[in-house]
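The figures that follow rest on heavy atoms only: side chains count, while hydrogens, waters and symmetry mates do not. Because the structure is a prediction, the values reported are computed rather than measured. Proteins get letters first, then strands, A, B, ... in listed order; numbering begins at 1 in each.
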Amino acid sequence: MERKVQTRREGLPELPNLDDRKPVLRFAPNPNGPLSFGHSRGLVINGEYAKNLDGELILRFDDTDTTVKPPMLEAYDSIPKQQEWLCGFAAHRIVIASERMEHYHEYAYKMLDGQFGYVCTCSAEDFKVHRVGMTECPCRDNSRDLNLERWAKMNDPNEYQPGDAVLRVKTDMTLKNPALRDWPAARIQTNPHPRVGDRWRVWPLLDFQSAVEDYLQGVTHIIRGKDLMDSTRKQTLLYSHFGWKYPETIYWGRVKVHEFGAFSTSQMKKDITAGLFDGWDDPRLPTLSALSRRGIQASALRSFWIELGLTQKDIAVPLSTLYSHNTKQIDPRAPRLAFVRNACPIILTGDLPRSGTIQSHSDTEMLPRQYSIDEGVWIEQEDSGKPLRLKDLCDIDENGNVESIDRSDKRSVVHWVAGGIPSKLTIASGQEIDIVEGILENNSHPVGTIVQLERIGYAIIEDDGLLMVHD
RNA sequence: GCUUGCGUGGUGUAGUGGCCCAUCAUUUCGGGUUUUCAUCCCGGCGACCCGGGUUCGAAUCCCGGCGCGAGCACCA
């Protein structure tokens with residue numbers, strides 16, 4: 001009798017129906033702002049599959065809305081950079097939807113020509129009545145020629161105006177799922193697009209633009225949030241009209257990170273403008289630039305998302321999970337440094353080595369730290385008033401008299417600074433930001449170095465002080 | 001309301017009929033190493049939503065219930 005061996009699956013599950021193909025995956029954010037923590041899941045998962053299976057990752061800007069979520073020009077530069085930082089490689093292709101409008105128009109025309117699409121002049125409210133009541137709207141049976149004529153009117157500034165007409169995909173008004181009934185594919189927008197201005201008047205909606213583009217790019221697998229499940233169903237109906245085969249689709253559930261609360265790109269934009277936050281990399285924000293600034297490693301983000309996997313469960317994870325991944329990445333390389341909060345001077349009397357060196361890291365070969373003591377050292381207010389072991393130096397009594405060079409008993413070990421420079425440690429916790437003044441040990445680590453502040457936690461060196469990474 | 005999806009320890013996750021009195025990680029607790037309350041190592045606690053059914057056998061299949069999420073936009 002053959003026994004199956006119990007094995008635990010590591011990493012991401014296999015891609016379904018891959019056969020011998022190289023997968024083509026895509027991540028399609030709206031460039032209405034820089035990427036945030038939430039985006040990083042799509043980037044990591046799609047990127048990992050592309051990398052591991054020798055496939056391709058397409059970074060696509062779904063920027064066909066100029067009204068509700070207008071594109072932000074800087075995002076076209078920052079997003080590819082952040083994608084490369086996070087994935088560890090640059091996307092194989094970058095597609096900008098607003099520059100591919102002729103394709104969408106071409107297929108819109110084909111839809112009308114093939115009579116599986118129609119121009120609808122019902123108002124949104126009127127159409128809702130048809131959708132809910134499972135009845136067909138008057139525009140639905142218009143002839144091919146009339147539809148083409150109305151399509152021309154949609155594209156003509158002197159004819160239909162925004163709201164007057166939309167392009168719909170003919171599905172079936174009696175479909176069980178109301179979301180699928182003759183869904184809209186394109187509408188009129190007159191707000192100029194920051195990249196292509198007012199060259200186009202009729203813009204595709206996500207479900208149409210994305211579906212056509214996935215076909216044109218040869219996307220094999222779509223991995224996205226399960227909130228887009230109905231999108232798949234709509235697009236599958238469109239694909240069958242065109243006679244195309246829809247890509248394999250995989251979904252993940254909703255993720256909540258308690259500490260991040262509810263942020264949206266547009267809300268952040270508003271709050272930054274209002275001065276509530278310093279910028280997109282304000283350490284309180286869940287943006288990728290803020291996380292990177294705070295010393296969160298791309299590799300930690302990757303292992304974090306890979307560990308969460310691709311289940312459709314809605315989950316809530318604490319930030320401590322991400323931090324534990326990050327600690328594994330940064331600890332082996334983080335030089336130790338002393339930072340004394342609420343510094344309190346203590347004069348040392350007696351014999352002790354007035355200068356010397358201390359290890360920067362017990363496990364690796366790093367240049368040691370040097371110290372030189374004149375009269376005394378700084379210790380934390382909280383530690384003062386009792387016999388102490390000054391770490392790597394000597395035992396003292398509560399008044400600073402040196403009692404022993406070697407460790408003589410179990411008294412508590414504390415960190416200290418000789419000389420040093422006044423500095424501040426910025427700690428972002430949730431929406432709050434705390435600044436702790438203190439004395440930092442002399443050092444020559446460049447800006448951007450992640451250090452471990454002894455007995456406190458990890459921090460990153462910035463131009464004007466320290467920024468807490470996590471403890 | 002209609003549609004659709006999900007329910008394994010505190011939090012995540014593996015598991016597609018017998019390996020499972022259930023995997024791994026994290027959190028927490030205890031211990032060890034360490035002249036840091038860190039890192040590292042060892043150990044403990046702790047779970048298959050409920051009720052039926054199918055089966056020799058169910059976390060795994062079926063039905064019902066309950067709970068939670070998402071969609072029903074001229075946003076993405």
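Inter-residue side-chain proximity for A:M173 and A:D182 is flagged as met; some heavy-atom pair is nearer than 4.5 Å. Residues A:H241 and A:M111 form no side-chain contact, since every pair of their non-hydrogen atoms from C-beta on lies 4.5 Å or further apart.
Remark: the separation of the P atoms in B:U3 and B:G64 is 14 Å, to the nearest Å. B:G69 and B:U33: their C1' atoms are spaced 46 Å apart (whole Å).
Listed nucleotides B:U36, B:G71, B:C6 differ in distance to A:E454; the shortest reach to its side chain belongs to B:U36. The A:A179 side chain lies nearest to B:C72 when the options are B:C75, B:C72, B:U11. For A:P178, counting side-chain heavy atoms from C-beta on, the closest listed nucleotide (B:U13, B:C72, B:A76) is B:C72. Closest to the side chain of A:V317, out of B:G12, B:C6, B:U26, is B:G12. When distances are taken from the side chain of A:K69 to each of B:U23, B:U8, B:A76, the shortest belongs to B:A76.
Contact between the side-chain N/O atoms of A:K328 and the OP1/OP2 oxygens of B:U26 is found at a separation under 4.0 Å. Of the side-chain N and O atoms in A:R187, one or more sit less than 4.0 angstrom from OP1 or OP2 of B:C75. A close approach under 4.0 Å does not occur between any side-chain nitrogen or oxygen of A:R389 and OP1 or OP2 of B:U35. Residue A:R254 has no polar side-chain atom (N or O) positioned under 4.0 Å from OP1 or OP2 of B:G69. Between A:T311 and the phosphate of B:U13, there is a side-chain N or O to OP1/OP2 separation shorter than 4.0 Å. An OP1 or OP2 oxygen of B:G71 is reached within less than 4.0 angstrom by no side-chain nitrogen or oxygen of A:K234. Checking the phosphate oxygens (OP1, OP2) of B:A76, a side-chain nitrogen or oxygen of A:T64 falls inside 4.0 Å. At B:G71, none of the side-chain N or O atoms of A:R233 fall inside 4.0 Å of OP1 or OP2 (strictly under the cut-off).
With respect to the salt-bridge test (charged N to carboxylate O, under 4.0 angstrom), the residues A:R369 and A:E454 qualify.
In this structure, A:A316 reaches the sugar-phosphate backbone alone: every heavy-atom distance under 4.0 Å involves primed, P, OP1 or OP2 atoms, never a base. A:Y458 comes within 4.0 angstrom of sugar-phosphate atoms only, judged by non-hydrogen atoms across all strands, and of no base. Using a 4.0 Å heavy-atom criterion, one finds that A:D392 contacts the bases of the nucleic acid, with or without backbone contacts as well. Residue-level contact check: A:V166 touches the bases, meaning some heavy atom is under 4.0 Å from a base atom. Looking at heavy-atom distances under 4.0 Å, A:I188 makes no contact with the nucleic acid at all. Among the heavy atoms of the strands lying under 4.0 Å from A:G163 is at least one base atom, whether or not backbone atoms are also near. Using a 4.0 Å heavy-atom distance criterion, A:R336 is classed as a base contact.
Atoms CG (A:D172) and C1' (B:U3) sit 15 Å apart, rounded to a whole Å. For the pair A:I315 CD1 and B:U8 C1', the interatomic distance rounds to 14 Å; values are reported in whole Å. The CD-P distance, from A:E10 to B:U23, rounds to 15 Å in whole Å. Residue A:Y323 contributes atom OH, which lies 15 Å from atom C1' of B:U27 at whole-angstrom precision. In this structure, A:L308 atom CG and B:A25 atom P are separated by 16 Å, rounded to whole Å.
No side-chain donor-acceptor contact under 3.5 Å links A:Y160 and A:N155. Between the side chains of A:Q329 and A:S299, at least one donor N or O sits under 3.5 Å from an acceptor N or O. For the residue pair A:E213 and A:H103, no side-chain donor N or O sits within less than 3.5 Å of a side-chain acceptor on the partner.
Residue order along RNA chain B, read from the 5' end via each residue's closest nucleotide, puts A:H325 first among A:L206 and A:H325. Comparing A:C122 and A:K391 against RNA chain B, the residue whose closest nucleotide sits nearer the 5' end is A:K391.
Atoms CG and NE2, on A:N30 and A:H39 in that order, are 7.5 Å from each other to the nearest 0.5 Å.
Side chain A:Q452 to base B:U39: no donor-acceptor pair is found below 3.5 Å.
Summarising the base pairing, B:C20 is matched to no nucleotide, lacking a Watson-Crick or G-U wobble pair whose two defining distances lie under 3.5 Å.
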